[in-house]
Amino acid sequence: MPAYNAEKTIARTIESILHQTDDRYKLILINDGSTDGTDGICRDYAAARTDKISYIFQENRGLGGARNHGMQLADTPYVSFLDSDDWLMPQFVERILWYLEHCADPGVEMILTLPVIFHEGSGAVGDWYDKTLFEKVFAQDGNVVNPAQHMELYRFEVNQCRKILQTDFVRRIHFTFREKVKWEDIYPHFYLLSQCTSCMGLGEVGFYYRIGNASQITASRGKDRLDFLIVFDDLLQYVDREGKKELLYPVMRVLIRFAIWCIRMADTDHRRLLVKKTHQLFRKLPWEYYRALLTGIRGSCSKADARQYLLFVTAIRFRPLNFIFYDYLWQDLCEKMIKKLLGAGERVA
């Protein structure tokens with residue numbers, strides 16, 4: 001568990017681990033240079049539960065750096081991650097170990113869980129973003145599939161905390177997170193799935209993912225948004241270097257969706273620079289990426305999503321149209337006009 005200035009939430013997160021119905025776990029707390037009361041809270045818990053908790057303070061290396069440090073110290077057969085503002089379901093450890101112990105495949109390299117969404121403001125609990133797709137791929141809890149034969153896995157939400165990794169698998173493929181960047185989950189999502197041959201789905205348990213908090217990474221509206229260009233550059237280099245042509249469409253799909261979201265969420269001080277650099281990124285993509293996009297949206301995409309992808313690619317690649325993204329009002333107006341025109345065209349047809 002990485003922790004950075006998490007004094008308001010970390011106690012609840014730690015308690016959710018200490019109150020598991022099965023105690024076959026270890027907790028590694030990595031304080032990533034916090035300047036608030038996080039250190040004192042972590043030290044108190046570690047002192048009270050020396051049998052379960054290891055505590056390390058390090059200079060700030062970002063979420064990826066904290067996770068890397070924790071992975072180096074892990075000595076259990078499997079390792080998972082939990083952010084310091086989320087919390088586990090009580091039977092998380094028990095049910096995961098039960099399925100592993102009763103699995104016909106003794107070498108499961110990855111387990112994908114199904115979190116639920118907790119809204120901090122209202123207290124409402126909702127389904128995870130890809131629940132329908134998850135239940136389609138894993139029709140029964142404990143099913144094990146090979147990602148190479150189930151490309152739908154790449155369409156899952158990229159959140160790293162839903163993944164439980166076999167420790168030997170992590171070390172065999174030399175996996176680490178990019179340090180000191182936001183959105184560090186994107187490249188690992190594709191890298192881990194493309195290296196994995198046995199992936200179990202377990203929708204019975206997961207963690208509570210908290211939203212509606214201004215301090216979350218996903219709530220950032222400033223220059224951090226530019227980090228998405230770094231992590232996608234890592235991903236594109238991997239795809240090109242390893243010749244992973246089967247990933248071209250999944251990568252384009254996530255890249256477009258993430259670019260749209262980042263631009264929409266960016267503040268006006270950083271939006272133009274983000275648009276400019278996103279334009280440059282899409283301009284340098286080889287044409288085989290766009291061919292893969294066209295092929296992919298014909299077979300596995302709704303008409304609405306297909307239009308959104310194609311319109312975005314056209315507008316971001318063609319520099320004179322980039323002004324659409326400079327202000328959210330322009331963006332909203334253009335999107336409404338396009339939807340209206342397309343809708344009229346469908347009615348005439």
Side-chain angles (χ1 to χ4, degrees), residues 129-130 133 151-159 181-191 193-194 217-218 220-221 224-240 244-266 270-328 330-339 341-342:
Y129 305 106
D130 55 29
L133 179 61
M151 297 299 290
E152 308 100 310
L153 290 172
Y154 291 98
R155 293 169 52 195
F156 285 8
E157 189 73 19
V158 301
N159 186 291
V181 297
K182 309 296 185 185
W183 332 115
E184 76 294 322
D185 289 355
I186 295 171
Y187 171 76
H189 177 72
F190 287 88
Y191 179 70
L193 283 173
S194 68
I217 290 174
T218 50
S220 169
R221 301 179 64 87
D224 290 347
R225 291 275 155 186
L226 293 164
D227 283 357
F228 106 86
L229 297 161
I230 298 173
V231 296
F232 270 105
D233 187 61
D234 288 345
L235 176 56
L236 293 168
Q237 286 189 43
Y238 170 67
V239 171
D240 291 340
K244 300 280 186 181
K245 295 187 182 300
E246 70 277 10
L247 298 184
L248 294 182
Y249 172 61
V251 167
M252 284 295 287
R253 180 181 177 276
V254 173
L255 173 57
I256 293 169
R257 293 174 70 90
F258 210 88
I260 292 170
W261 177 62
C262 278
I263 292 172
R264 178 172 289 280
M265 292 295 293
H270 298 91
R271 184 178 295 222
R272 289 199 177 212
L273 179 59
L274 179 58
V275 171
K276 177 181 177 181
K277 290 187 173 295
T278 305
H279 161 77
Q280 293 170 347
L281 171 63
F282 276 84
R283 287 287 294 177
K284 75 176 185 180
L285 286 176
W287 278 109
E288 62 179 338
Y289 279 84
Y290 295 106
R291 286 194 293 270
L293 175 65
L294 290 172
T295 301
I297 61 178
R298 291 192 190 109
S300 63
C301 195
S302 68
K303 288 184 177 180
D305 283 346
R307 287 170 181 155
Q308 183 184 40
Y309 297 165
L310 294 176
L311 288 169
F312 175 80
V313 167
T314 301
I316 201 67
R317 279 182 52 84
F318 188 49
R319 188 61 183 272
L321 293 180
N322 284 182
F323 77 91
I324 292 172
F325 305 110
Y326 289 164
D327 185 276
Y328 75 92
W330 267 111
Q331 192 170 350
D332 283 346
L333 178 62
C334 291
E335 288 177 359
K336 289 176 181 176
M337 289 177 60
I338 290 168
K339 287 179 181 178
L341 289 170
L342 290 173

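Counting begins at 1 with the first residue of the sequence.
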Using modelled atom types only, decide if a donor and an acceptor are shared between the side chain of D130 and the backbone of E157 within a distance under 3.5 Å.
yes

Under 3.5 Å, which donor-acceptor pairs do the side chains of residues 245-256 form with other protein atoms, sequence neighbours left out?
unit_1 : atom_1 : unit_2 : atom_2 : d
K245   : NZ     : E288   : OE1    : 2.9

CD1/I263 to OH/Y326 distance, rounded to the nearest 0.5 angstrom?
10.5 Å

Distance in Å, Y191 OH paired with L193 CG, rounded so as to fall on 0.5 Å steps:
12.5 Å

Return the minimal non-hydrogen interatomic distance between R271 and A266, and the atom names on each side.
NH2-O, 3.1 Å

Sequence neighbours excluded, the answer for side chain to side chain donor-acceptor pair (under 3.5 Å) partners of N159 is none

Can you give me the closest heavy-atom contact between A306 and C301, atom names plus distance?
N-SG, 3.6 Å

Working to the nearest 0.5 Å, report the span between CZ of R155 and CG of L153.
10.5 Å

I need the minimum non-hydrogen distance between T314 and L321, along with the two atoms involved.
O-CD1, 4.4 Å

Taking the ring of Y238 and the ring of Y187, is the distance between their centroids below 6.0 Å?
yes

Find out whether L229 and L274 are in side-chain contact, i.e. whether some heavy atom of one side chain is under 4.5 Å from a heavy atom of the other.
yes

Testing the basics here: between I316 and N322, what is the closest heavy-atom pair and its distance to 0.1 Å?
O-ND2, 3.2 Å

Hey, are K277 and D233 close enough for a salt bridge, meaning a charged N less than 4.0 Å from a carboxylate O?
no

A side-chain contact here means heavy atoms from C-beta on lying under 4.5 Å apart; do V239 and Y289 qualify?
yes

Listing request: all ring-ring contact (aromatic ring centres under 6.0 Å, His included) pairs with a residue in residues 296-320, at least two apart in sequence or in separate chains.
F282-F312, F312-F325

Say you draw a straight line from CG of L293 to CD1 of I297; how long is it, rounded to the nearest 0.5 Å?
5.0 Å

Please find out if less than 6.0 Å separates the ring center of F258 from that of W183.
yes

Rounded to the nearest 0.5 Å, how far does CZ of F323 lie from CZ of R272?
11.0 Å

What's the separation between atom OG in S302 and atom CD in Q308, rounded to the nearest 0.5 Å?
9.0 Å

Check whether any side-chain heavy atom of W261 lies under 4.5 Å from a side-chain heavy atom of R225, and answer yes or no.
yes

Can you confirm whether R257 sits close enough to D305 that some side-chain heavy atom of one is under 4.5 Å from a side-chain heavy atom of the other?
yes

Is there a side-chain contact (heavy atoms from CB on, under 4.5 Å) between I324 and V275? Walk through the geometry before answering.
CA-CA 10 Å; I324 292 172; V275 171; over 6 Å; no

